[in-house]
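The block underneath contains the structure these notes are about, expressed in structure tokens.
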Amino acid sequence: MKTLLVLLLATQPVVVELFTSQGCSSCPPAETVLSELRKQPNVIPIAYHVDYWNYLGWRDPFSNKSWTQRQMQYVHSLKLSSAYTPQMVIDGSREVIGSNGFAVRAAIEEESKRGSVAMVKVRVDHGVAVIDVNAPRDGLELVVVDTEDGLVTKIERGENRGQTQTNDAIAQSIVRFPNMAAGAKTLRVPAEQQRGTVVAMLQDPSTLHILAAASAPIR
């Protein structure tokens, strides 16, 4: 049992959530950091494009009020004074400035040492995400996000006017399963994208800590 637990704890990936905007002049370096993190097998990146910079003249085509609301949940749980971009939240438990690659990697390293007995696995079968979950206790929430890579935008207005940006791990949709019962179960969620990645996270709604996560490509 001890050997099994050690193996389980060693294979938990770290979820990195970037809150960003194409209308933010400080965000492109953080987008570069996130794109580099995609190459690490133990990291699951997600980029949420918030909507509160749209007033500066450029409406980010990937922005969504839901992503701003998710960031505000972290502002509350992490006891921050306000939201900002670029912000990276690591496994729902700590945050760093997203453009500070050294701090981001240090936070990932620390979170990778934190074990969990929870389990999430995901695969995509004919456009449906099949998610296996083993929740260690009642009341946890399963969060499923579809992301897409390599989307190119020519920015015509705002702080990044004249730039052509390629954005990765862009959050496109989210589905929540609140108040999960303890134990093992399998859920099926239609994949909203034709290509990209499905990310499934088991999260504590009281602390927003991510206990376990997994991802799978959409083909």
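Since the model is a prediction, treat every value here as computed from it, not as a measurement. In what follows, residues are counted from 1 in the order of the sequence shown.
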When you look at CZ of R176, are more than 12 heavy atoms from neighbouring residues, nucleotides or ligands closer to it than 6.0 Å?
yes
Report task. Could you check if a side-chain atom of I44 sits within less than 4.5 angstrom of a side-chain atom of M201, using non-hydrogen atoms only? Result -> no
Between the OG1 atom in T197 and the CD1 atom in I218, the distance rounded to the nearest 0.5 Å is 6.5 Å
Closest non-hydrogen contact found for S99 with P86 is N-CG, 4.1 Å
> Within a reach of under 6.0 Å around NZ of K121, are more than 12 heavy atoms found that belong to other residues, nucleotides or ligands?
Replying inline: no
Is L151 close to T153 at the side-chain level, that is, under 4.5 Å between some pair of heavy atoms? no
- Verify the cluster assignment for F102 and V96: are they in a single hydrophobic cluster under the rule of side-chain heavy atoms below 4.5 Å apart? no
The reported gap from CG in L202 to CD1 in I210 (rounded to nearest 0.5 angstrom) is 9.5 Å
- Non-hydrogen side-chain atoms of M180 and L187 separated by less than 4.5 Å: yes
Q) Do D149 and R195 sit within salt-bridge range, that is, some charged N less than 4.0 Å from a carboxylate O? A) no
**OP:** Show your working on side-chain contact (heavy atoms from CB on, under 4.5 Å) between L208 and Q203 and close with a plain yes or no.
**Re:** CA-CA 6 Å; L208 298 188; Q203 194 162 30; 3.8 Å; yes
Note: V16 and V43 closest approach over all heavy atoms is CG2-CG1, 3.7 Å
Q71 versus Q87, side-chain donor and acceptor atoms under 3.5 Å: yes
Which of R94, H209, Q12 passes side chain to side chain donor-acceptor pair (under 3.5 Å) with E111? Answer is R94
**Message:** Tell me whether V120 shares a hydrophobic cluster with I174, the cluster being built from Ile, Leu, Val, Met, Phe, Trp, Tyr side chains joined at under 4.5 Å.
**Reply:** no
Any non-hydrogen side-chain atom of D132 less than 4.5 Å from a side-chain atom of R123?
yes
F177 versus V189: any side-chain heavy-atom pair under 4.5 Å? yes
Correct closest heavy-atom pair for E159 and G23 would be OE1-O, 3.5 Å
Exercise for the section: Let me see the working for D51 and D60 under side-chain contact (heavy atoms from CB on, under 4.5 Å), right down to the final yes or no. Expected result: CA-CA 7 Å; D51 67 349; D60 188 327; over 6 Å; no
d(I170 CD1, F62 CZ) to nearest 0.5 Å is 4.0 Å
N-O pairing of K113 and E110 below 4.0 Å: yes
In this structure, OH of Y52 is separated from CE of M72 (nearest 0.5 Å) by 8.5 Å
* Give a yes or no on whether V104 and L18 share a hydrophobic cluster (residues Ile, Leu, Val, Met, Phe, Trp, Tyr; joining criterion: side-chain heavy atoms under 4.5 Å apart). => yes
Value for CG (N167) from CD (E31), rounded to nearest 0.5 Å, stands at 4.5 Å
Minimal heavy-atom distance between S173 and W67, with the atoms involved, is C-CH2, 3.9 Å
Exercise. Are E17 and V199 close enough, and set up right, to give a side-chain contact (heavy atoms from CB on, under 4.5 Å), and what steps lead you there?
Worked result: CA-CA 11 Å; E17 297 175 274; V199 179; over 6 Å; no
| If you measure only the distance, is there a donor-acceptor pair under 3.5 Å linking the side chains of D91 and S93? | no
Check: R137 and D204 side chains under 4.5 Å, non-hydrogen atoms: yes
Within 6.0 angstrom of I97 CD1, more than 12 heavy atoms from elsewhere | no
- prompt: Among the clusters formed by ILVMFWY side chains lying less than 4.5 Å apart, do I108 and V15 turn up in the same one?
  reply: no
Shortest non-hydrogen pair, A171 vs V145, comes out as CB-CG1, 4.0 Å
Indicate the ring-plane relationship of F19 and Y74, choosing parallel, tilted or perpendicular according to the 30° and 60° boundaries. perpendicular
Out of curiosity, does L142 fall in the hydrophobic cluster containing M119 (side-chain heavy atoms, cut-off under 4.5 Å, transitive links)? no
Separation between CZ (R105) and CG (L37), nearest 0.5 Å, reads 5.5 Å
message: Side chains of D146 and V198, heavy atoms from C-beta outward: is any pair under 4.5 Å?
response: yes
Heavy atoms of Q22 and N160 approach each other most closely as O-ND2, 2.7 Å
